[in-house]
2 protein chains.
Amino acid sequence: MEDGPTREEGVAVVADGTDRTSGAELPFADPAGRPTLRTVAELAGVHVSTVSRVLNHVGGPGVRPASRTTAERIRRIAERVGYSPNPHATGLRTSRSRLVGVLVPRLVDIVLATIYEGIEEATATYGFSTFVANTGDDPTAQRRRTEMVLARRVDGVIFGDAYVDGRFLDEVAGRGAPFVLVSRRAGDYPSVTCDDVLGGRLAAEHLLALGHRDLAVIAGEPYASTGIDRTAGFLAACDAAGVHVPGSRVVHSRFDTEGGRAAMSRVLADGAAPTAVFVVNDFAAIGAMGVLRDAGLVVGRDVAVVGFNDVPLAGSLPVGLTTVRSPMHEMGVRAAHLLMRRLGGEEVASERLVPVLVPRASTLGDRGA
Amino acid sequence: MEDGPTREEGVAVVADGTDRTSGAELPFADPAGRPTLRTVAELAGVHVSTVSRVLNHVGGPGVRPASRTTAERIRRIAERVGYSPNPHATGLRTSRSRLVGVLVPRLVDIVLATIYEGIEEATATYGFSTFVANTGDDPTAQRRRTEMVLARRVDGVIFGDAYVDGRFLDEVAGRGAPFVLVSRRAGDYPSVTCDDVLGGRLAAEHLLALGHRDLAVIAGEPYASTGIDRTAGFLAACDAAGVHVPGSRVVHSRFDTEGGRAAMSRVLADGAAPTAVFVVNDFAAIGAMGVLRDAGLVVGRDVAVVGFNDVPLAGSLPVGLTTVRSPMHEMGVRAAHLLMRRLGGEEVASERLVPVLVPRASTLGDRGA
DNA sequence: CGCGGTCGCGCTAACGTTTGCGCCGAACGG
DNA sequence: CCGTTCGGCGCAAACGTTAGCGCGACCGCG
């Protein structure tokens, strides 16, 4: 039994000497030539289970997975041959995948992309990877894409495209897959959102303070809590100030530039232009500004516009866009942490992050340039 | 051993009795309660290998995996219990994962997000899923993220963040991981790009035709083929027309709004403003326009600006942005197909897609509004 | 010096799937 | 009625990893 070192030498020689078709020619490599636990075990002259324990039990001050010298040697060899565990084998054995699925309406929406960046960044620190899938806010696609991520055996899901009624989520919950929501709330499911009601209120107070009384709202999709809450907060603040916004002046829209164009056109077609417009999304606001421009109105002088989110280019537009800044990246990060805690079995509560108004030329005119 | 049919009846009753929904107590389910091959096999009264053959061998007109009736029954039962194969087990067995890794500089860049959408859409039709990771164009992050996707045993990788020198890619190629590039070319590796040289030429010809002779270029990052080629095409066309653009008028920049601001500021600080600027990215162009506005110059009248990509909001800006439209989504789709063909063992060639100039107010002035 | 506790470590049985091999029974030709 | 063929299907061996079990050795304490 004194052959531990000898065996190591012997195999090392074989590894050097043999000359197989692909790559580094390690003993007991997998079909792709990558080293496996067995490779390392063989080179270290120990059993594969010992290698497994050493490589997995990172912390554990109390119980040690192997003697210090053995552990040291194993780690050195694993490093040298570039061992990395096969996630399929691990996943199969443990039935956990260190994978999370992320569903978003559209990734080309900077808001969601920013949130996703936060998610990806935070999950990576836990050693998790993420799948993203677009659903385009289409229920069929939501269902199909959710099936897909579940079929991939993700450990959890983050929905960025929740419908406020939460019916679909009830189904998913029934399947036992842990999930959290981000950006939009729904039902009583744990979510990380911006305080959208407050955001709407900030927008209203800003416009009211500037003396506007003739207002319109471009309210986003009727199924998204973001648009709903922002609009509700805005209208509530107007009410409180004794300013009435007629129903015909609150129009739904998609959240993109094109949606803003369409909605603004409808507002203008409906009669005289309002003196101020609150648009629940910056890109829709840009679209709305385009229509106003085409109608010969100067944004910031003839009509004030307030957007929502403060996307990076809002300040660089030819007419800087007044907007309500929402902590998008932060929301992603927090949603990821929330999910991780749920995966740990914790009961978690929703979080609502605070938005801030950023005044610019689109409401202040020259003073804001 | 003669209890095959009997067993089927018995178990089928159990399965019916508990009536659908999640906790349905299926026999031989996995730890999460999901049905496995074994579950289906048991219910059908056949061996697990038979189920596997039936469920996998979709086509095969010549050889049949089982008798018609057996196959039918198996498929029915699989459907009923909601069987979906465990990708870890499949991956372990076949050492293929139906996963592709996608590396991009930043997903909040609409250009890359759009390309990614194309990739995701196309790979999904092959039954593949995608990991995306941001690298921020940072070599260290590129290396780390690449390690990460390879450690996940992806079948292939799509790089959207290639450095033109391709040194890092040489390493990756040495590891034997199949990959293709998208958006940016590098070395002789297969890539799907826009014909950026042509795009630069289109921009130059447009400005020259409008009579501009005093030109500047905001050229993007020096390591990205997109910026390099667009700039080269632009300068070559100027040369051909006998117009010289001094080196001090060609400045590098990041590809985002902020990068455009910084670069434009440097151009203005350097002396008199040019009469026209070619910016190799729409967002950088927006930043540049912001700086021009702040300098009291009216874009489209005092200074012409041409961007690149034609992102959706380019046309909705208060001053519509003249830009070179690149087929972003299409590039993603094609890159995905290209990778799939590589995975099939084919030798593949790079593709270059044709861009189109879209003239708007930023060069045409009022005529473009 | 004796005894109990602790620690190192190897063995083995899974995890769910795929696949080559070979058996069995039915059909068919002689 | 027997021999051959062949389609259908079961068997079992992997794939790489994890974890429970149990044995032996060492250590420290009394």
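Sequence lines set the chain letters: A, B, ... in the order given, protein chains first and strands last, and positions in each chain run from 1.
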Point to revise | Side-chain ion pair, A/Glu347 and A/Arg342, N-O less than 4.0 Å | key: no
Check your understanding: Is B/Ser95 near enough to D/dC15 that one of its side-chain N or O atoms lies under 4.0 angstrom from OP1 or OP2?
Key -> no
Check your understanding: So, for B/Tyr163 and B/Phe168, is the gap between ring centers shorter than 6.0 Å?
Key -> no
Exercise for review: Please state how far atom CZ in B/Phe28 lies from atom C1' in C/dT17, giving the value in whole angstrom units.
Suggested key: 16 Å
**Study point:** Euclidean distance, atom CG of residue A/Leu37 to atom P of C/dC11 [Å, nearest integer]
**Key:** 15 Å
**Study point:** Salt-bridge present (B/Arg152, B/Glu147; N to O < 4.0 Å)
**Key:** no
Study note, to complete from the structure: Whole-Å distance, B/Leu92 CG to C/dC15 C1', equals 9 Å
Practice item. Determine the contact category for B/Ser49: base if any of its heavy atoms lies under 4.0 Å from a base atom, sugar-phosphate if only primed atoms, P, OP1 or OP2 are that close, otherwise nothing. Key: base
Point to revise | Donor-acceptor contact below 3.5 Å, side chain A/Asn86 vs main chain A/Thr36 | key: no
Point to revise | Rounded distance (Å) that lies between atom P of C/dA14 and atom CG of B/Asn86 | key: 18 Å
Revision key, fill the gap. Closest to the side chain of A/Thr36, out of D/dT17, C/dG10, C/dG20, is D/dT17
Check your understanding: In whole angstroms, how far is the P atom of D/dT17 from the NE2 atom of B/His88?
Key -> 14 Å
Check your understanding: Nearest to the side chain of A/Tyr83 - C/dT19, C/dC15, D/dT17?
Key -> D/dT17
Practice item. Report yes or no: is there a donor-acceptor pair, N or O only, under 3.5 Å between the side chain of B/Arg153 and the base of D/dG16? Key: no
Study note, to complete from the structure: Comparing B/Thr90 with A/Thr50, nearest DNA chain C nucleotide closer to 5' gives the residue A/Thr50
Review point. Hey, are A/Glu171 and A/Arg175 close enough for a salt bridge, meaning a charged N less than 4.0 Å from a carboxylate O?
Key: no
Exercise for review: Among the candidates D/dG16, C/dT17, C/dC21, find the nucleotide nearest to the side-chain atoms of B/Ala89.
Suggested key: C/dT17
Practice item. May I have the distance from A/Arg96 (atom CZ) to C/dC15 (atom C1'), rounded to whole angstrom? Key: 14 Å
**Study point:** Phosphate-side-chain proximity, B/Thr70 and D/dC9, N/O vs OP1/OP2 below 4.0 Å
**Key:** yes
**Study point:** Distance test, side-chain N/O of A/His47 to OP1/OP2 of C/dC11, below 4.0 Å
**Key:** yes
Review point. Which residue lies toward the 5' end of DNA chain D, B/Thr69 or A/Asp30, if each is placed at its nearest nucleotide?
Key: B/Thr69
Check your understanding: How is A/Thr94 classified with respect to the nucleic acid when contacts are heavy atoms under 4.0 Å: base, sugar-phosphate, or nothing?
Key -> sugar-phosphate
Revision key, fill the gap. Closest of D/dT17, C/dC21, C/dC15 to the B/Arg53 side chain is C/dC21
Review point. Quick one: A/Leu55 CG to D/dT17 P, roughly how many Å, whole number?
Key: 10 Å
